[in-house]
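Down below is the structure, laid out as structure tokens.
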Amino acid sequence: MGKRVKRTRSTSLLSYWTIRYFIILCIGFTIIAAAAIYWMRDATMESRLQTAGLLGQEVADRVTSPEGQLTIPPKLDYIVKNRLFFFNIDEYICVMITDQKGDLKFSRPAMTEQQMHDKLTDDLSQPRDDRYVAITTPIDSNNEQLGKVIILQSKRALTYSPQEMMVSILLLTILILSGWLTLYLLSRKLARPLSSVADAAQQIRQGNYDVQLNIHTPEREIQQLVSSFEDMAKRLKHLEEWRALSLAGVTHELKTPVTSIKGLVMAVRDEVVVQEEAQEFLDIALKESDRMERMVADLLDYNAFASGSVEVRQDDIDLPVLIAEVIYQWNLLHDSTTVRVTTDLPPSSLYTVGDALRIQQIMVNLLNNSLQATAPGETLDLHIRMYTEQQHIQIEVTDNGTGVAPEEQDYVFERFYRGEHKKRAVRGLGLGLTYSQLLARAQHGEIVLQHSSSTGTTFVLKMPLSSDTSPIQPATYAAKPSFNMEALPKKY
């Protein structure tokens with residue numbers, strides 16, 4: 001049994017990030033709020049203790065008469081009440097005034113002597129209940145202590161402020177909602193174009209390449225994504241149309257020689273043609289079978305390389321020697337009256353790392369392409385030049401053929417692509433340059449179409465220059481006016 005693939009539950013971008021950001025905001029602000037509340041408690045207690053001390057000092061001043069006696073004013077209760085209201089400390093607070101002997105002279109709220117002693121220790125300095133704190137202010141006159149003002153207040157009242165707590169909670173809520181709303185709006189703004197792109201991708205997956213996103217945003221990255229996706233959709237549409245046409249073209253190119261061979265052989269079998277004419281028909285059938293064999297071989301080579309079953313060696317190769325040998329062997333197969341080859345190869349060694357057989361395949365394909373591009377009745381003039389540039393060895397193959405049309409130059413390396421002129425002139429599958437490009441890249445090289453016009457074409461094969469080789473500039477090469485076969489080595 002196959003391993004079961006665990007499916008991840010998907011959710012929308014908007015929900016995913018807004019929920020997580022909301023949780024992060026809540027956690028973060030809760031920590032901040034806890035720290036702020038702790039700090040506020042200490043600050044509030046210190047502030048209220050100072051306020052209570054000021055209140056005690058004012059009461060002490062008011063109960064001291066000009067004669068230096070402890071006197072309770074008639075309106076002291078009213079004054080204390082107003083001060084408590086003004087200082088906002090009228091909750092859980094008790095104000096007591098005692099004389100020098102510790103007898104209770106005034107209290108607010110009113111209480112008995114016994115109740116005072118129940119609340120305070122015997123020396124009247126500390127509360128008996130740990131939940132309260134006592135602030136004591138001496139009543140002095142002429143360096144004599146007349147008594148003291150004792151303010152008894154609960155610790156909770158010192159550290160807790162309903163108004164401050166409400167303000168803190170309100171601010172915390174506003175910050176959380178503001179942060180969440182900001183991310184929500186941002187996520188929604190990002191989710192809309194992404195959702196449109198995802199819908200368009202689904203349409204492409206179903207085979208509909210005519211997608212129009214119509215998304216215009218000020219964000220450069222999103223606009224680049226949308227533009228790239230639209231370009232990709234157009235490219236896929238073009239490739240799909242091209243694939244259908246290429247398949248039809250490949251089928252046609254393979255079917256044509258089969259039909260020709262069948263017709264020619266049937267003509268000979270049925271004695272429609274006899275003797276010399278029959279022999280000529282058989283020769284034509286053999287040529288057609290050779291063409292079909294080459295096309296099938298190209299298709300098999302391409303498929304084998306694309307599947308990774310073709311081995312590419314990594315050997316040290318003296319490239320000028322190898323190229324000279326390839327040109328020599330290729331030139332032997334062609335009539336010197338229809339093909340003229342000149343070379344401009346460096347006099348010293350240039351080493352690259354690659355596969356000699358694969359480089360030979362690439363060069364032969366480039367030379368054959370030049371031969372096929374020659375106008376009927378014209379002599380092919382080939383010029384091969386080699387030089388180094390930016391740690392690469394560059395091999396230029398220049399011909400005087402009919403060239404590649406400007407609108408076709410971007411597609412010469414696409415599989416199964418064949419220009420209109422080549423379709424009419426030569427049978428093939430359009431895999432030669434594609435396969436050569438794959439071989440070059442497998443050796444860390446590249447093939448580029450450098451120039452093409454009605455007067456000729458230049459392809460350049462770039463191969464990496466070995467680190468053991470000193471670069472030689474093109475200007476130092478001695479150009480050879482003609483191809484001297486006797487001077488070329490027979491082995492490499």
Side-chain angles (χ1 to χ4, degrees), residues 242 245-246 249-250 252-254 256-257 287-288 290-295 297-299 301-302 323 326-345 358-386 394-440 445-462 482-483:
W242 194 5
L245 292 174
S246 298
V250 170
H252 173 74
E253 292 295 337
L254 290 176
T256 300
K287 290 181 180 179
E288 290 294 317
D290 290 339
R291 290 194 186 100
M292 187 172 68
E293 184 180 12
R294 286 197 298 272
M295 286 188 288
D298 288 343
L299 188 60
D301 287 342
Y302 173 78
I323 298 302
V326 171
I327 297 170
Y328 170 76
Q329 293 180 4
W330 184 83
N331 196 62
L332 288 178
L333 301 175
H334 301 88
D335 190 351
S336 60
T337 60
T338 59
V339 176
R340 290 196 298 267
V341 182
T342 58
T343 61
D344 183 1
L345 304 178
R358 304 307 177 189
I359 296 175
Q360 180 182 14
Q361 287 180 280
I362 296 171
M363 286 300 301
V364 168
N365 185 61
L366 293 176
L367 296 172
N368 287 339
N369 278 354
S370 296
L371 184 62
Q372 294 171 3
T374 307
E378 295 289 333
T379 300
L380 171 62
D381 287 325
L382 272 174
H383 182 67
I384 290 86
R385 186 169 72 120
M386 182 185 299
Q394 306 208 138
I395 307 166
E396 290 184 358
V397 179
T398 304
D399 61 49
N400 61 336
T402 56
V404 182
E407 64 273 11
E408 297 175 354
Q409 292 181 11
D410 292 337
Y411 308 106
V412 293
F413 294 105
E414 297 286 351
R415 60 187 183 278
F416 303 120
Y417 182 81
R418 305 181 70 233
E420 293 298 325
H421 173 75
K422 199 167 186 179
K423 286 181 182 178
R424 295 190 296 267
V426 183
R427 290 178 184 172
L429 298 181
L431 288 174
L433 284 175
T434 307
Y435 184 57
S436 297
Q437 182 71 284
L438 292 176
L439 290 176
E446 186 79 14
I447 302 176
V448 296
L449 175 59
Q450 188 178 74
H451 167 76
S452 186
S453 66
S454 58
T455 59
T457 300
T458 299
F459 279 94
V460 178
L461 169 61
K462 298 180 180 181
S482 61
F483 189 87

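Sequential numbering from 1 along the given sequence is applied to the chain's residues. The structure displayed is predicted, hence computed values, not measured ones. The figures here come from the full heavy-atom set of this structure, side chains too, leaving out hydrogens, waters and symmetry mates.
Using a 4.5 Å cut-off on side-chain heavy atoms (C-beta onward), Arg340 and Thr379 make contact. Counting heavy atoms from C-beta on, the side chains of Val364 and Gln329 never come closer than 4.5 Å.
Note that CZ of Arg358 is 11.5 Å distant from CG of Leu438, once rounded to the nearest 0.5 Å. Taken to the nearest 0.5 Å, the OG atom of Ser436 stands 7.5 Å off from the CG atom of Asn369. Atom CG in Leu433 sits 5.0 Å away from atom CZ in Phe459 (nearest 0.5 Å). With rounding to the nearest 0.5 angstrom, the NE2 atom of His451 is 8.5 Å from the OG1 atom of Thr398. The OG1 atom of Thr343 sits 10.5 Å away from atom CG of Asn331, with the distance rounded to the nearest 0.5 Å.
Of the possible donor and acceptor atoms, one in the side chain of Thr434 sits under 3.5 Å from a partner among the backbone N and O of Phe413. In this structure, the side chain of Asp399 does not engage the main chain of Leu382 through any donor-acceptor pair within 3.5 Å. A donor-acceptor contact shorter than 3.5 Å links the side chain of Gln409 to the backbone of Val404. Put simply, the side chain of Asn365 never gets that close to the backbone of Gln361: no donor and acceptor are under 3.5 Å apart. Side-chain atoms of Thr402 come within 3.5 Å of backbone N or O of Ala373 as a donor-acceptor pair. Side chain of Gln437 to backbone of Ile447: a donor-acceptor contact under 3.5 angstrom is found. In terms of modelled atom types and a separation under 3.5 Å, the side chain of Asp381 and the main chain of Asn400 share no donor-acceptor contact.
In plain terms, the two heavy atoms of Ser370 and Thr374 that are nearest each other are O-OG1, 3.1 Å. Looking at every heavy atom in both residues, Met363 comes nearest to Val326 through CB-CG1, 3.8 Å.
For the side chain to side chain contact (heavy atoms under 4.5 Å, CB included) criterion with Leu461, the lone passing option out of Ile395, Ile323, Ile384 is Ile395.
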